[in-house]
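In this chain, numbering begins with 1 at the start of the sequence shown. Numbering of ligands and ligand atoms starts at 1, following listing order. A quick note: this is a predicted structure, and the numbers were derived from the prediction, not measured.
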Amino acid sequence: MNDPTRSRTHGFVPPYLLERLAADADPGLSGPARRTLDGDDTLRRARERPDLWGQWADPSGEVASGEVESGAAESGAVESPESGGQGEPGPQRVVSDARGGRELPGTPVRREAEDPTGDPAADEAYDGLGDTWQLFFDAFGRDSLDGRGMPLLATVHFDRDYDNAFWDGVQMVFGDGDGRIFNRFTLSLDVIGHELAHGVIEHTAGLMYRDQPGALNESVSDVFGSLVRQRALGQSAREADWLIGADLFTDAVQGVALRSMKAPGTAYDDPVLGKDPQPGHLDDYVRTAEDNGGVHINSGIPNRAFYETAVALGGNAWEAPGQIWYDTLTGDIRADCDFATFAQLTVTAATDRYGADSAEVAAVRHGWEAVGVLTGQGSDVAGAEEPAPGPATDPVPEGGAEPAPAGAELLLRRSGGFAGLVREREVRLDELPEPDTRDWRHLLGGQRLRALQAPGGEASRGGHPDAFTYRVCCDAVDLDVTVTESHLPHDVRGLFERTLEQPG
Ligand SMILES: [Zn+2]
C-alpha cells in the first residue's frame, strides 16, 4: 500500500525533527511541521510521477522551493497565477482509477482537455475539479490549491464499497459507496469542492484537525464546497438549499443530505443511521473524544454562521461572504484558531475590505451572533470554553506480551469520515471466525496498537481530513486506543473492517 505518511524526502530540517515537532502539544510548533512534512511528501510523490505533475514538480523550478508556505497573503491581494508559464491559467486535472484497489493514484483515465471517459465517476470527478478550480480562480484570484497552479489529482473507484471521500495531502480519493446507504461520492459537487478546500486550507491557515480548529477546518471546507455548487447552479444565497451531500444517500435512507448548513441537525433521521447530530448554536457544542473532537459535528455552528451571514446580505454567497471567509483563511490566522477568534477575524476581514460601517460587517456580526459565538455586546465574544481534552494516552508496556484471553470482550468503533457517521461492534473474541479470533488476541495482547498511538508514533500526528478513525477498547488487557485509518497497517485495517461488517 502506498502509505503517504512514510518515507519522506530530505529537506533542510531533518525529518526526525519535523516528526518530533509535528507531535508537539503546541500547535504553533506542530502545525507548520506537519505542513512541511506533508509538503515534502507532495513533492516526493510528484517527482515519482512526472507524467501526472508535469512542470509543477520540476526540481529546478521555483515552485519546488516555495511550495510550502504560510499563505499569509495580504488581505485583498490577488495572487498572480502562473501555470508553468504557459499562457492563460487553467486547471491541470488528472483523474485516475484505482479499479477497486487501495493503491494510489491508480491508472490515469482522463487528463486535462481529454474527452469524457463514459465512466460517470471519472467524469463527475473531472468536472467537479474544474468547477472548484474555477470558483477559486474567478472569485478569489487563486490558481489551484497552492495558489501556484498545483495539478488537481483525483482517484475514483478506491477500494470496494468504500463509504468515504478524503484528501490525503496530495490528492483526492473517492469511494463508490456501498450502494445500500451511500451512492458514489462524486455525485455531489459540494463533496468534491469540500475535499479540495481541505487542500486550500492546508496551504493557507493550516487549521489543526482537532476540536474547534478542526471543526473550523471542516466548516470552511463545507462553505467552499457549497459555494462551488451554488455557483455552478447559478443560485443566490436565498435560492440555495445549503445542503452538503444531497445526492449521496440512496433512496433507502430517510434524509435529504449529510449536513444542512441552514439548519444543522435536520439533514437526516433514519432507523439505521440515527439522527443528524450537528448543533447549530454554541450552547449545544458537543464534547467528545471521537471524530477528532467532533470535527464533523461541531462544524454545524460555524456553518450556520456563514449561512446566516450570506442570507442577511443577499445576492451570491460566493461574492462578499465567500470573499470575507477567503480573506480570513489567507490572512493572519493561527493553526489553533478557535471559534471566537475566527469570528473576530471575519469581522476584521470584512472591515478591512468593506469598511467598519458596511452592510457586510453588520451581516458577519449577525451571522456569529445567531449561533452564540459573538454576543452582540460590542466586540465581546461568548465564553467559548476549551473542549475537554481527550483520554490520556496509555503508557507503552515493556517487554513481550501474552495474547488477550479468547473470552475477552472487544469494543470496536469507527467514526469520522466525510459523513461523520459511527459504526460499532461489541463482541467476545471467541465469537469471531477462528483466524480473526487469533489475530485479535495477538493484536490486543501485543504492542502494535499502543505504539501507533504512543507519543511520537504515527497516530499522534493526526490523520488526513475525512479519514476514518477507529477506537479499540478491551478491558481484559487494559487497552483503549484511537488510531487513524491512514496510519493503520493493511492487515490491521482489514481485520477492523471484517469485524465491523460481520453480523453483530
Ligand atoms: Zn472534510
Would you kindly check if the NZ (Lys) or CZ (Arg) of R142 is within the cone defined by 45 degrees around the ring axis of F136 and under 6.0 Å from the six-membered ring centre? no

Just wondering, is there an N, O or S atom on D466 that's nearer than 2.8 Å to the Zn ion (ligand 1)? yes

Side chain to side chain contact (heavy atoms under 4.5 Å, CB included) for R365 and V347? Distances and angles first, verdict last. CA-CA 7 Å; R365 289 199 155 281; V347 172; 4.1 Å; yes

So, 2.8 Å as the limit: is an N/O/S atom of E218 located closer than that to the Zn ion (ligand 1)? yes

For R498, is the CZ atom crowded, meaning more than 12 foreign heavy atoms sit under 6.0 Å from it? yes

Is the distance from the Zn ion (ligand 1) to the nearest N/O/S atom of H194 under 2.8 Å? yes

Looking at F418, does the NZ or CZ of R259 lie under 6.0 angstrom from its six-membered ring centre and within 45 degrees of the ring axis? yes

